[in-house]
Amino acid sequence: MLDLRYVVAHADEIAHNVAHRHVAADVPGLVAAAEARSTALVRLEEVRRVANVVARQTGKPTLDAMALHAAVPEFLRSDLGMADPAEVRPTDRPWLVQVGKALKAMEPALAAEVDRLQAAIESRARQLPNLTHPDVPRGASDEDHRVLREVGVRRDFATEGFAPLDHVQLAEKLGLIDFEAGAKVAGQKFYFLQRELVLLDLALQRFAIDLLVQRGFTPMVTPDLARPDILEGIGFNPRGSETQVYSVAGHDLCLVGTAEITIGGMLADTILEAEQLPIRIAGISHCFRTEAGAAGRESRGLYRVHQFTKVEMFVFCQGDLAQSEAHHAELVAIEEELFTALEVPYRVLDICAGDLGAPAYRKFDLEAWMPGRGAWGEITSTSNCTDFQARRLQIRARPEPGAKPKLVHTLNGTAIALSRGLIAVLENHQQADGSIAMPKALRPYLPFDRIGPRHT
RNA sequence: GGAGAGGUGGCCGAGAGGCUGAAGGCGGCGGUUUGCUAAACCGUUAUAGAGGGUAAACCUUUAUCAGGGGUUCGAAUCCCCUCCUCUCCGCCA
């Protein structure tokens, strides 16, 4: 969520940003509603103020006729029978009660008007995405992302003398994934990991966690469910037909799509001290996604599934762009270090404005080369959300001891997703004999250095 | 799932229709005293919003005692609903 006062004061800039991001939002309507609300609110507060004065006077008179008359603004006097000071009876209890009743009767309509305008403001404000980093490329399609660099060497399978298989074929041959059983118990896009792949999955988690702990992250295993207001604070929409989020029937809970939700939520409504920051967390969770509207798209194998495990990085830092951008650069660097160590060729993308998602100020994706598809595929994503999430969640920090709290900046990034990360490792390390060599970096975590080959 | 006890300011803890945004204490901040520390004493110390003020200061004001609704001229206090926390029992990994 953006700062409403900023939006009203910079309506043109916001309108440009909305267009840049290819988002539909009614900025003029928002500004008009904000101004109308301000007027209505002043009126409502005046009525309440007078009601308080009259109630106090009824209980224990302290004002004379002139003072009581003076306490009532012009626009209310005739309605209250106080047009002239002579009509004011400051010690006449029944009279005061009548005045109090008259004031009370006015309140609901005024309050309803304020509420109506407030709702109009909020529904429009919710459509607004975060501001955008000036270097973010324009556009809204996959071709509009900027390729920042390409790292690692893609294997030349022709020279090696065999045609690479995709991970589904590899897993089939080696008995590593059972998609049919997954479909039987839970439906399409669920699966059982089996045999060595389970150990590889755990090894990748440990590998990522160990590296992150070295970098000063606190490891955590986080809840897989969260309340809807936490989801909304992070920028997810738990309701509606297009939602990516599963809700639990009979409970006010949702299955999380990422540990970003719970880690961000854990500090909701908190004021942090300067020395507590930055807080850097490495969270392990399961991730659940409905993939509504994604039917048929890149749906083979593990690429797009309803459930996977993920090691997520999350950072809370002071609400200062220089600091959050430095953390953002570090998150990308860590992602690159992980996949370099896993000997997976990748490229880094600066995601274009139209594809950022509402909370992100800037987003970098890593795409791994996936020989089985003969294409790049997204494996990680890291976003600087500046104060967009912190504002709704009310996460603040004092810039220095005793100073007024300021909204923090939040950042998130994938260390490794145990679905696409598995694809990248399996496909890039397949051998001519049908086995899969394990990257050296994982050897300390595995009781074998290759999976297969299997001869049946 | 069953039973009970609770939710008041940064924390503890009073308050049981009207000068209560809330006693008292702790903690924090400022000051006096002091060779330094400590102690003592004095003062001060919620958040969000609105209006005014060029602005910082400041002034006025609204709301907030878990949340929502109700009674009343007036609610932290009375009534209803919801949520949350804790304890015990059951079940379970």
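In the text below, chain A, chain B and the rest are named by the order of the sequence lines, each starting its count at 1. For the numbers below, each heavy atom of this structure counts, side chains included, while hydrogens, waters and symmetry mates do not.
Looking at heavy-atom distances under 4.0 Å, A/Gly100 makes contact with sugar-phosphate atoms alone, never a base. In this structure, A/Arg43 reaches neither bases nor backbone, as no heavy-atom distance under 4.0 Å exists between it and the strands shown.
Ring geometry, A/Tyr246 versus A/Phe288: the interplanar angle exceeds 60°, so the pair is classed perpendicular (tilted spans 30 to 60°). Ring geometry for A/Tyr6 against A/His10 counts as parallel: the plane angle stays under 30°, on a 0 to 90° scale with 60° as the upper cut.
Remark: B/rC58 base-pairs with B/rG52; criterion is Watson-Crick or G-U wobble with both hydrogen-bond distances under 3.5 Å. As the counterpart of B/rC41, B/rG31 is assigned, both hydrogen-bonding distances of the Watson-Crick or G-U wobble pattern falling under 3.5 Å. B/rC86 is paired with B/rG4 under the criterion used here, namely a Watson-Crick or G-U wobble arrangement in which both key atom distances are under 3.5 Å.
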Pull out every protein N or O sitting under 3.5 Å from an N or O of nucleotides 50-56 of chain B, one pair per line with the distance.
unit_1: B/rG51; atom_1: OP1; unit_2: A/Ser38; atom_2: OG; d: 3.3

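Between B/rC36 and B/rG10, the two C1' atoms lie 30 Å apart (nearest whole Å). B/rG69 and B/rU77 are spaced 14 Å apart, taking the P atom of each and rounding to whole Å.
No side-chain donor-acceptor contact under 3.5 Å links A/Lys363 and A/Thr382. In summary, the side chains of A/Asp224 and A/His286 do present a donor paired with an acceptor at a separation below 3.5 Å, with no hydrogens or angles considered.
Nearest nucleotide to the side chain of A/Arg48, out of B/rA63, B/rC84, B/rC73: B/rA63. You'll find that the side chain of A/Arg49 is closest to B/rU61, out of B/rU61, B/rG18, B/rU72.
Under the 6.0 Å distance and 45° angle rule, A/Arg43 counts as a cation-pi partner of A/Phe75.
For A/Gln169, the CD atom counts as densely surrounded, since its 6.0 Å shell holds more than 12 non-hydrogen atoms of other residues, nucleotides or ligands.
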